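Step one of this worksheet: look at the structure below.
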Amino acid sequence: MTTRWSRRGLLAAAASTGTAVALGTPARSHAAPQSAVRAAEADEFTTLRAKWRTLILGEGFSPTAEPFKSRLAELGATAAQLQSAMAPASGSLWPDLVYADPEPDTDQESYGYSGNLNTSYNRLSTLAQAYCRQGTGRTGDASLKAAILTGLDHLHTEVYHAGQTRYGNWYSWQIGAPQALLDVCVLMYDSLSATRIANYVAAVDHFVPDTAVASYSGTSTGANRVDLCRVLALRGIVGASSAKVALARDALSPVLPYVTGGDGLYRDGSFVQHTTVPYTGSYGSVLLGGLGMLFTLLTGSTWQVTDANRQIVFDAVENAWAPFLYNGLVMDGVSGRAISRGVSATDALQIQQNDHLRGHPILASIVLLGQSASAAENARWRGLVKGWLQRDYYSPPMSDPSLALPGLARLQGVLDDTTVAAIAEPTGHRLFPSMARATHRRPGWAASISMADRRITYYETGNGENLRGWHTGSGMLYWWGDTYANGQYSDAFWPTVDPYRLPGTTASRKPLADAAGGDWGASLPDVNWVGGATDGQRAAIGQYLKGLQSTLLAKKSWFCVDDSIVCLGAGIKCTDGTAVESTIENRNLGPAGSHSFTVDGTAYPATYPWSQAFTGAGWAHIGGMGGYVFPGGGTFTALRDARDGRWSDINKGGSTTVLHRKYLTLYVDHGTNPTNGGYAYLLMPGATAAQTQARAGATGWLTVLANTDGQQGVTVPSSGFTGVNFWFGGTVGDLVASDPCSVMISERSDGTAVICVSDPMRMRTSLTLTWNRAVSAVLSKPSTVTSATTGSSLRLTFGDLSGTAGVTQKITVRLG
């Protein structure tokens with residue numbers, strides 16, 4: 001087999017062995033003998049196998065100390081059960097994991113068969129870890145070793161060999177099964193004959209040839225590419241092929257640079273996988289963990305990753321991942337179809353996956369990546385991780401039953417490190433135009449907004465997962481408190497919530513089929529105006545909403561300020577023949593649901609079911625959660641609802657156990673076939689009833705400047721905030737825009753102001769913005785501003801904004 005070597009790879013290999021290599025010329029006569037080269041390579045492969053063994057087994061913990069003692073005992077017990085249940089037969093290694101597909105193709109049934117192959121190898125990996133780790137009660141057990149070798153040979157003979165044609169899910173053959181197989185080969189290396197090793201690596205070569213990374217496209221991008229590189233690197237280390245390891249290293253390079261479309265990391269901090277899906281919390285976690293392991297594995301070796309773009313990955317820890325981590329959880333708005341993976345139908349322990357359990361491996365990966373970063377970066381990241389660990393009261397990471405032991409050990413190391421001071425949750429606003437997401441973090445709470453546009457899908461379904469995530473991109477507004485409400489989306493939210501009433505969204509009640517719109521993020525709204533402007537602390541955000549498989553149209557805006565989020569909706573129209581609703585809130589109150597509910601000072605019943613319509617309401621409050629203020633009076637319906645659901649309702653592989661949760665929902669009913677519906681409310685996370693009432697009484701605190709199909713805008717005079725979304729050009733308050741744009745102004749106490757402007761549509765080749773406010777000087781401006789006129793008003797002329805990717809353009813001026 002020919003293998004692509006880069007010039008860097010050849011030179012690195014030459015330097016490590018002392019062999020002079022001149023490309024295109026013979027080696028000099030004083031070169032080391034080939035026997036010496038082979039011996040040096042053998043020593044290096046031995047070293048790398050030892051490093052990988054440590055990476056997958058963990059280090060720096062005592063097997064007799066908790067939580068490791070119990071986890072190791074559980075591992076031993078699991079291994080005993082798996083060993084006892086193993087029954088090699090034609091078509092299976094375990095009776096419950098039949099991998100022989102009677103009609104091999106790529107339909108859902110075949111996915112199940114290939115998945116069983118993947119799981120079979122993962123079980124062998126579990127057995128190998130129990131055999132190699134101290135404290136399992138099975139350490140070095142001869143019968144366990146024999147079972148592992150039997151299992152490896154059986155799977156190789158039956159299905160995972162060079163003569164087999166793959167079926168079902170490509171992932172099982174190219175990533176899942178070979179990763180587990182190679183991990184077992186490393187762990188059991190001294191017990192494997194040369195023939196076995198040759199057979200196993202030949203199988204990997206068959207399913208994961210060099211061509212799997214020849215082109216950065218298809219299923220070989222982003223997190224998938226990192227996974228494939230892990231397979232190639234380990235295949236090279238197990239099979240003593242320097243060419244394979246070099247190929248793995250070089251094939252990482254396309255993952256590292258910023259991208260401007262499709263899969264990968266963007267300059268604004270976005271991470272996209274499957275072309276159209278924001279995936280920081282799922283595929284992004286895989287990418288971060290995989291890069292951390294490969295960087296660490298290869299550091300100091302002949303094949304060390306030296307690509308300068310690896311700094312982009314280090315920068316992404318705080319640019320891409322940290323904004324979506326809060327008290328140990330990773331926000332669901334960037335986890336794609338993973339939100340539907342609650343409890344598997346085959347999970348006997350009924351361990352629920354959720355935002356916290358998805359967040360913990362990211363924390364562990366950040367700690368691991370720090371080993372390859374600068375000392376300053378490593379120190380700061382450990383401080384961030386320590387803060388997240390200490391604040392995760394809802395789901396303490398050290399009790400996470402799904403967190404792998406190496407990750408658990410890394411996090412314990414951070415907690416035990418007295419030189420590391422916990423860093424508090426940062427405050428500020430982050431806008432991610434390239435994936436239609438935003439996060440707003442204030443003292444005591446955090447929020448995020450999920451939208452969809454021509455580039456970013458409504459939602460992702462696929463593999464029978466996330467069947468009812470239809471409206472998660474329709475302006476869903478998530479929020480969490482510092483010491484409360486961290487289980488809002490963790491506690492069986494997704495299988496029990498009404499999927500037509502997700503908080504923050506506007507949606508038609510038109511019935512949608514499971515997986516409506518198509519798999520893998522295929523369905524995209526035909527809209528461009530989605531995005532906003534921010535100064536890094538506050539923001540104006542807007543979404544032109546078109547409903548999924550619906551005639552619904554709406555203009556939605558969020559103005560994120562110091563202690564609240566102002567939410568406006570206008571131009572809501574639909575001809576579906578069904579009701580249209582905007583959901584103000586849909587709080588998961590758990591199984592009991594006893595939280596109080598107050599409107600304008602009157603407490604309402606905590607009974608289920610209960611509902612009441614309100615007209616002209618000034619404010620509402622949910623006990624222990626927060627408040628809602630309605631400028632000018634609000635019309636909405638409040639509903640207490642006891643709901644049942646099953647994970648299998650939203651994920652074909654989910655548990656069929658019926659779950660019960662109680663919800664308190666506030667929604668605006670726009671009626672059937674509305675022609676110009678709207679809403680306006682203020683969300684105040686963590687506010688008391690008294691604080692909410694006081695804000696409602698402070699009628700001058702907020703002014704809604706516009707809430708129409710053409711413009712939406714507000715001003716908060718006490719904090720110098722003005723935000724306007726110009727869906728079309730026009731005049732709103734003191735601002736005049738020639739064309740569609742988003743504008744946010746922050747007037748400061750020192751006599752300066754920051755004007756933030758963006759082109760969410762990415763179509764403006766020119767734009768003129770006038771602010772009818774006296775300005776004496778422009779202190780700073782980006783190159784996109786071609787002209788700035790000061791005086792009794794400020795006139796800014798912008799050149800071509802179409803290439804700014806919706807990123808905010810900031811201008812600082814002196815008021816005068």
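Predicted, not measured: the structure shown is a model, and the values here were computed from it.
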- Message: For a side chain to side chain donor-acceptor pair (under 3.5 Å) check, start with the C-alpha distance between S340 and N651, then their side-chain angles and the critical distance, and finish with the verdict.
- Response: CA-CA 6 Å; S340 71; N651 189 314; 3.1 Å; yes

Flag side-chain contact, heavy atom, 4.5 Å: [X] against [Y]:
{"X": "T472", "Y": "W494", "answer": "yes"}
{"X": "N528", "Y": "D453", "answer": "no"}
{"X": "L683", "Y": "P685", "answer": "yes"}
{"X": "D498", "Y": "T583", "answer": "no"}
{"X": "Y667", "Y": "R501", "answer": "yes"}
{"X": "K555", "Y": "W529", "answer": "no"}
{"X": "C567", "Y": "W558", "answer": "yes"}
{"X": "R358", "Y": "D332", "answer": "yes"}

- Query: Taking it one step at a time, do R437 and I456 satisfy side chain to side chain contact (heavy atoms under 4.5 Å, CB included)?
  - Reply: CA-CA 10 Å; R437 296 293 186 268; I456 297 299; 4.3 Å; yes

Of all the heavy-atom pairs spanning [X] and [Y], show the shortest one and how long it is.
{"X": "W470", "Y": "L548", "value": "CB-CD2, 3.7 Å"}
{"X": "T427", "Y": "R442", "value": "CG2-C, 3.9 Å"}
{"X": "T276", "Y": "G521", "value": "OG1-O, 3.1 Å"}
{"X": "V580", "Y": "S508", "value": "CG2-CA, 4.2 Å"}
{"X": "Q549", "Y": "A516", "value": "OE1-CB, 3.6 Å"}
{"X": "R468", "Y": "P499", "value": "O-CB, 3.7 Å"}

Atom pair [atom1] ([X]) and [atom2] ([Y]), whose distance is rounded to the nearest 0.5 Å:
{"X": "M625", "Y": "S596", "atom1": "CE", "atom2": "OG", "result": "10.5 Å"}
{"X": "D519", "Y": "E460", "atom1": "CG", "atom2": "CD", "result": "8.5 Å"}
{"X": "D563", "Y": "L682", "atom1": "CG", "atom2": "CG", "result": "7.5 Å"}
{"X": "R454", "Y": "R762", "atom1": "CZ", "atom2": "CZ", "result": "11.5 Å"}
{"X": "L589", "Y": "D641", "atom1": "CG", "atom2": "CG", "result": "11.0 Å"}
{"X": "Y628", "Y": "E585", "atom1": "OH", "atom2": "CD", "result": "3.5 Å"}

- Message: Under 6.0 Å between ring centres: does that hold for W479 and W445?
- Response: no

- Message: Is the distance between the ring centroids of F432 and F324 under 6.0 Å?
- Response: yes

- Any side-chain donor near an acceptor of the partner, Y459 and S450, under 3.5 Å: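 Side chains of Y459 and S450: no pair found under 3.5 Å.
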
Check whether any side-chain N or O of [X] sits under 3.5 Å from a backbone N or O of [Y] as a donor-acceptor pair, and report yes or no.
{"X": "T534", "Y": "R538", "answer": "yes"}
{"X": "D600", "Y": "A617", "answer": "no"}
{"X": "R640", "Y": "P605", "answer": "yes"}
{"X": "T578", "Y": "K510", "answer": "yes"}
{"X": "S738", "Y": "T768", "answer": "yes"}
{"X": "D759", "Y": "R764", "answer": "yes"}
{"X": "Q543", "Y": "G473", "answer": "yes"}
{"X": "S270", "Y": "Y266", "answer": "no"}
{"X": "D576", "Y": "T551", "answer": "yes"}
{"X": "Q488", "Y": "A485", "answer": "no"}

- Query: Checking side chain to side chain donor-acceptor pair (under 3.5 Å) for the pair D669/T637: CA distance, chi angles, key distance, verdict?
  - Reply: CA-CA 7 Å; D669 184 354; T637 299; 5.9 Å; no

- Please report the C-alpha distance between I339 and Y489 in whole Å, then the side-chain angles of each, then the deciding distance to 0.1 Å, and finally whether the side chain to side chain contact (heavy atoms under 4.5 Å, CB included) criterion is met. CA-CA 9 Å; I339 61 174; Y489 313 101; over 6 Å; no

Describe, in one word, how the ring planes of [X] and [Y] are oriented to each other, choosing from parallel (under 30°), tilted (30 to 60°) and perpendicular (over 60°).
{"X": "F559", "Y": "F721", "answer": "perpendicular"}
{"X": "F614", "Y": "F597", "answer": "perpendicular"}
{"X": "Y283", "Y": "Y279", "answer": "perpendicular"}

- Task: Might you work through the side chain to side chain donor-acceptor pair (under 3.5 Å) test for T665 and N586, ending with a clear yes or no?
- Result: CA-CA 4 Å; T665 309; N586 201 346; 2.8 Å; yes

- Task: Report, as yes or no, whether the 6.0 Å neighbourhood of atom NZ on K546 holds more than 12 heavy atoms from other residues, nucleotides or ligands.
- Result: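 Counting other residues, nucleotides and ligands, NZ of K546 exceeds 12 neighbours.
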
- Message: Checking H471 against Y500 for the side chain to side chain contact (heavy atoms under 4.5 Å, CB included) test, could you report, in this order, the C-alpha distance in whole Å, the side-chain angles of both residues, the deciding distance, and whether it holds?
- Response: CA-CA 7 Å; H471 300 303; Y500 297 92; 3.8 Å; yes

- Given side chain to side chain contact (heavy atoms under 4.5 Å, CB included), test H429 with H440 step by step and report yes or no. CA-CA 5 Å; H429 188 93; H440 191 58; 3.1 Å; yes

- Message: Checking F636 against Y681 for the ring-ring contact (aromatic ring centres under 6.0 Å, His included) test, could you report, in this order, the C-alpha distance in whole Å, the side-chain angles of both residues, the deciding distance, and whether it holds?
- Response: CA-CA 11 Å; F636 64 91; Y681 64 92; 9.5 Å; no

- Query: Does R695 count as lying over the ring of W701, i.e. NZ or CZ under 6.0 Å from the six-ring centre, within 45 degrees of the axis?
  - Reply: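 Here R695 passes the 6.0 Å and 45° test against W701.
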
- Item | Worked check of side chain to side chain donor-acceptor pair (under 3.5 Å) between S448 and T439 | CA-CA 4 Å; S448 75; T439 61; over 6 Å; no

